Peer 1: 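My structure is below; once you've seen it, I'll send some questions.
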Amino acid sequence: QMQLAESGGGLVQPGGSLRLACAAAGFTMDYYAIGWFRQAPGKEREGVSCISSHGGSTNYADSVKGRFTISRDNAKNMVYLQMNSLKPDDTAVYYCAALFGVFRLCELSQDKDMDYWGKGTLVTVSS
């Protein structure tokens with residue numbers, strides 16, 4: 001069974017950092033672009049960042065550019081999201097999702113294109 005599992009969420013003060021991890025089980029990530037999406041209370045889900053299957057291409061939402069960094073380690077079947085300079089507006093449940101296709105890159109506005117989803121991890125930025 002193909003599964004994604006997020007970890008690394010928690011409570012952090014404004015200006016702090018967290019690193020989220022996305023682990024794949026039941027399939028190899030080598031053939032998938034991996035995206036991070038988030039959903040804040042009362043808001044629609046939005047795309048945060050995506051990385052292509054071999055890490056050669058990335059994209060970011062304007063709201064996180066310069067603060068968040070996506071990376072992957074295909075040998076470990078893992079994708080990471082390093083989040084720095086966190087703001088209260090970053091509070092949300094963060095999901096990772098997989099899009100089949102070598103060298104493809106997720107369209108951050110098209111979450112319905114994604115093939116598999118994790119269950120999410122909660123990030124709360126508050127003093």
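Source: prediction; values computed, not measured.
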Peer 1: Could you tell me whether the side chain of Ser49 and the main chain of Asn59 form a donor-acceptor pair under 3.5 Å?
Peer 2: yes

Peer 1: How close do Ala23 and Met78 get, heavy atom to heavy atom, and via which atoms?
Peer 2: CB-SD, 3.4 Å

Peer 1: What is the distance from atom CG of Asp30 to atom OG of Ser53, rounded to the nearest 0.5 Å?
Peer 2: 8.0 Å

Peer 1: Can you check whether Met83 reaches Tyr94 side chain to side chain, under 4.5 Å on heavy atoms?
Peer 2: yes

Peer 1: Is there a side-chain contact between Ser71 and Gln82 in this structure, where contact means two heavy atoms from C-beta onward sitting under 4.5 Å apart?
Peer 2: no

Peer 1: To the nearest 0.5 Å, what is the distance between CD1 (Ile70) and OG (Ser52)?
Peer 2: 9.5 Å

Peer 1: Does Val48 belong to the same Ile/Leu/Val/Met/Phe/Trp/Tyr cluster as Tyr60, with side-chain heavy atoms less than 4.5 Å apart forming each link?
Peer 2: yes

Peer 1: Taking the side chain as every heavy atom from C-beta outward, state whether Ser63 and Lys87 have any atom pair closer than 4.5 Å.
Peer 2: no

Peer 1: Return a table of donor-acceptor pairs under 3.5 angstrom between the side chains of residues 6-21 and protein atoms on other chains or two or more places apart.
Peer 2:
unit_1: Glu6; atom_1: OE1; unit_2: Lys119; atom_2: N; d: 3.1
unit_1: Glu6; atom_1: OE1; unit_2: Gly120; atom_2: N; d: 2.8
unit_1: Glu6; atom_1: OE2; unit_2: Cys96; atom_2: N; d: 2.9
unit_1: Glu6; atom_1: OE2; unit_2: Gly120; atom_2: N; d: 3.3
unit_1: Ser17; atom_1: OG; unit_2: Asn84; atom_2: OD1; d: 2.9

Peer 1: When Arg38 is tested against each of Thr121, Thr91, Asp90 for side-chain hydrogen bond (donor to acceptor under 3.5 Å, both in side chains), which residue passes?
Peer 2: Asp90

Peer 1: Are Leu99 and Phe103 connected, step by step, through hydrophobic side chains (Ile, Leu, Val, Met, Phe, Trp, Tyr) whose heavy atoms are closer than 4.5 Å?
Peer 2: no

Peer 1: Under 6.0 Å between the ring centres of Tyr116 and Phe100?
Peer 2: no

Peer 1: If hydrophobic clusters are built from ILVMFWY residues whose side chains come within less than 4.5 Å, do Leu81 and Leu86 share one?
Peer 2: yes

Peer 1: Please report the interatomic distance CG(Leu4) to OH(Tyr32), rounded to the nearest 0.5 Å.
Peer 2: 9.5 Å

Peer 1: Without swapping roles, check the side chain of Asn77 against the backbone of Phe27 for a donor-acceptor pair under 3.5 Å.
Peer 2: yes

Peer 1: Can you name the nearest heavy-atom pair linking Cys106 to Met114, along with the distance?
Peer 2: SG-CE, 3.7 Å

Peer 1: Report whether Leu105 and Tyr95 are members of the same hydrophobic cluster (ILVMFWY, side-chain heavy atoms less than 4.5 Å apart, transitive linking).
Peer 2: no

Peer 1: Check the pair Val79 / Trp36 against side-chain contact (heavy atoms from CB on, under 4.5 Å), numbers first and verdict last.
Peer 2: CA-CA 9 Å; Val79 171; Trp36 286 96; 3.7 Å; yes

Peer 1: Same cluster or not: Ile34 versus Tyr31, using hydrophobic residues (I, L, V, M, F, W, Y) connected whenever any side-chain heavy atoms lie under 4.5 Å apart?
Peer 2: yes

Peer 1: Roughly how far, to the nearest 0.5 Å, is the CD atom of Glu46 from the CD atom of Glu44?
Peer 2: 10.0 Å

Peer 1: Indicate yes or no for a side-chain donor-acceptor contact from Asp113 to the backbone of Leu108 under 3.5 Å, with no hydrogens or angles considered.
Peer 2: no

Peer 1: Answer whether the closest heavy-atom distance between the side chains of Met29 and Arg72 falls below 4.5 Å.
Peer 2: yes

Peer 1: Is it the case that the ring center of Trp117 lies less than 6.0 angstrom away from the ring center of Phe37?
Peer 2: yes

